[in-house]
Amino acid sequence: MRDLYLTNTLTRKKELFIPINPGHVGMYVCGPTVYGDAHLGHARPGVTYDVMFRLLRHLGYKVRYVRNITDVGHLEHDADEGEDKIAKKARLEQLEPMEVVQEYTFRYHDAMRRLNVAPPSIEPRASGHIIEQIEVVKKILEAGFAYISNGSVYFDVEKYNKEFHYGILSGRSLDDTMEGTRSLDGQSDKHAPYDFALWKKAEPQHIMKWPSPWGDGFPGWHLECSVMGEKYLGNEFDIHGGGMDLMFPHHECEIAQNEAWRGTQGVHYWVHNNMVTINGQKMGKSLGNFITLPELFSGEHKVLTQAYTPMTIRFFILQAHYRSTLDFSNEALQAAEKGYKRIMQAARDLREIASGAGVASPIRGTEGHNACQMDYNEFLSDTAPESCPADSEGIKDIFTKVYDALCDDMNTPIALSYIFDAVKLINTEKEKKGTLTKGDIETLVRLFDDVVYGVLGLRDEASSDNGKSEKTISGLMDMVLDERAKAKAEKDWPLSDSIRDHLKALGIEVKDTKDGAEWTLD
RNA sequence: GGUGCUUUGGCCGAGUGGUUAGGCACAGGUCUGCAAAACCUGCUACAGCAGUUCGAUCCUGCUAGGCACCUCCA
């Protein structure tokens with residue numbers, strides 16, 4: 001199996017990935033709080049950890065990928081004053097909280113499906129694990145790292161910090177935290193401002209509440225990930241991912257809870273993706289400067305000059321390293337759109353070349369996609385090959401470099417740069433046949449199948465979702481282009497151009513090549 | 001105030017102690033009825049200052065700007 005390196009936030013270094021159980025990977029990623037539409041900022045971890053999931057599987061690991069849905073416990077503003085985000089939305093829209101959860105969970109899934117993000121192995125909800133969370137609160141109390149105050153239970157950070165290091169992940173000391181923590185207005189039930197809630201007492205009018213040994217209430221936000229991670233992945237597991245903004249306090253608190261309750265930090269590799277920015281500023285719900293995914297797909301937002309397809313978004317994200325900030329702009333998205341289309345066109349040409357050369361070319365990604373059914377086989381049919389059948393040194397090199405890049409902390413921009421080298425070779429072969437051997441073509445087909453479609457998860461949006469309508473359209477196109485070819489043969493340029501213009505208006509672009517006319521559907 | 005990150009060519013965005021990242025845009029060329037695509041060629045940058053070094057965009061220090069976290073946030 002190839003060596004994989006990942007940047008571990010705990011050490012701030014690239015480390016060789018060694019799983020706890022050989023051949024198996026347990027991976028947990030913080031999912032969305034479902035009180036509004038997913039935005040571009042959610043697409044980033046969605047795609048990033050999807051690529052990680054796909055890459056690990058492609059490298060031959062059996063992966064259990066857990067990504068939660070937060071549907072309770074996530075408060076706004078300060079934990080003492082804030083209102084539960086879901087409950088607030090429900091109050092404003094006069095809905096049952098679970099109606100809010102249902103709607104936005106569905107919409108989140110839909111956006112992820114369009115981005116070709118594979119469903120995780122398990123998608124647990126906080127509200128489905130209240131009993132487990134209560135049990136853990138009890139254990140933390142027993143261990144002496146929490147205290148009860150006015151019906152709520154808080155984690156005793158100072159006490160914990162005497163034995164362990166609170167701040168180990170975010171690289172700060174409790175002194176730093178103390179200095180930076182805003183003083184509260186004195187009404188707090190907490191002993192210290194940096195203590196965080198494990199269980200919150202619910203006011204009588206509160207809808208989302210459950211009975212507990214400390215009275216009716218609801219679990220603290222940080223608790224759910226600790227509890228569900230342990231439940232589905234065990235006492236210790238391999239990878240925990242999430243946005244960099246979750247590093248402190250969310251993930252720091254998870255570590256503290258884990259130590260307090262099960263005597264281990266619980267996670268071996270912490271992986272954090274960076275933020276999407278707009279005009280250099282973080283895109284976020286709290287800042288109100290976000291663009292939702294439905295808006296992006298439809299183009300209906302004041303800062304958008306056009307609509308962008310899901311694959312354009314995916315490619316845009318892939319073109320930057322996951323640990324760098326990624327700045328949104330129409331110009332950058334348009335550049336991504338063109339680059340993406342260029343790769344897809346080459347993929348189609350490669351299929352032609354392969355069938356001409358008698359190379360089997362399943363080339364996935366062109367067939368109809370339906371993530372509603374969990375069709376992992378779409379990207380799991382192969383494990384990463386150790387050798388490639390290419391004859392030309394150039395193609396061998398591309399093949400090697402692509403895998404090297406992916407295994408070097410998931411460097412997708414570098415991998416893509418070598419894919420573009422492959423695109424150039426395919427285009428050259430199309431111009432002048434015979435530059436590639438059969439082995440070369442086989443290697444390229446594999447590269448597109450396994451990497452472009454499989455690991456990077458791109459798919460061809462231009463190809464029809466429906467085999468039958470595709471057949472009909474292609475039959476019609478043959479007919480129309482045949483007529484146009486006749487017009488051209490008679491040098492009837494007005495007619496041939498008019499046909500081309502009409503088709504263009506329908507979103508069909510016609511290109512004349514030496515071998516006759518070609519067309520692509522936008 | 002504390003902690004950490006960052007500053008790359010017209011734009012996006014990798015990376016490295018000495019050699020062309022890549023994409024998009026732009027200019028010229030080939031091809032073509034025209035167009036598009038493709039291919040070829042050109043555009044060679046690393047905030048500023050000082051230091052280490054045979055040599056720094058890449059190491060060190062300082063200066064300036066930007067960002068993130070410290071409160072909910074992917």
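Letters go in sequence order (proteins before strands), and every chain restarts at 1.
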Same-atom distance (P) from B/A27 to B/U16, integer angstrom
34 Å
Rounded distance in Å between the P positions of B/G66 and B/U8:
14 Å
Proximity to the side chain of A/Gln281 - top-ranked nucleotide from B/A68, B/A74, B/G33
B/A68
Polar side-chain contact A/Asp327-B/C12 base: donor and acceptor under 3.5 Å:
no
Could you work out which one of B/G13, B/A36, B/C72 sits closest to the side chain of A/Trp221?
B/C72
Counting only heavy atoms and a strict 4.0 angstrom limit, can you tell me which residues of residues 491-500 of chain A come near RNA chain B?
A/Trp493, A/Ser496, A/Asp497, A/Arg500
Enumerate the protein-to-nucleotides 15-24 of chain B contacts in which both atoms are nitrogen or oxygen and the separation is below 3.5 Å.
from  : atom 1 : to       : atom 2 : distance (Å)
B/G15 : OP1    : A/Asn411 : ND2    : 3.4

Can you check the distance between B/G17 and B/C46, where both ends of the measurement are the C1' atom (answer in whole Å)?
14 Å
Nucleotide nearest A/Arg172 (side chain, heavy atoms from C-beta), chosen from B/G2, B/A68, B/A74:
B/G2
Atom-pair distance (CD on A/Glu509; P on B/A38), nearest Å
10 Å
Pairs flagged by ring-ring contact (aromatic ring centres under 6.0 Å, His included) wherever residues 392-424 of chain A is involved - sequence neighbours left out:
A/His58-A/Tyr403, A/Phe399-A/Tyr403
Does the side chain of A/Tyr35 come under 3.5 Å of the side chain of A/Lys85 through a donor N or O and an acceptor N or O?
yes
A/His39 side-chain proximity, nearest of B/A74, B/A68, B/C39:
B/A74
Where does the angle between the aromatic ring planes of A/His222 and A/Phe196 fall among parallel (under 30°), tilted (30 to 60°) and perpendicular (over 60°)?
perpendicular
Taking only side-chain N and O atoms of A/Lys282, does any of them lie within less than 4.0 angstrom of OP1 or OP2 on B/A74?
no
What does the 5'-to-3' dot-bracket notation of RNA chain B look like when only Watson-Crick and G-U wobble pairs under 3.5 Å count, and pairs to other strands show as |?
(((((((..(((.....[...))).(((((.......)))))....(((((..]....))))))))))))....
Here the residues of residues 396-408 of chain A within 4.0 Å heavy-atom distance, strictly under, of RNA chain B are none
Those residues at least two apart in sequence (or on a different chain) that pass side chain to side chain donor-acceptor pair (under 3.5 Å) with A/Gln306 are A/Gln334, A/Glu337
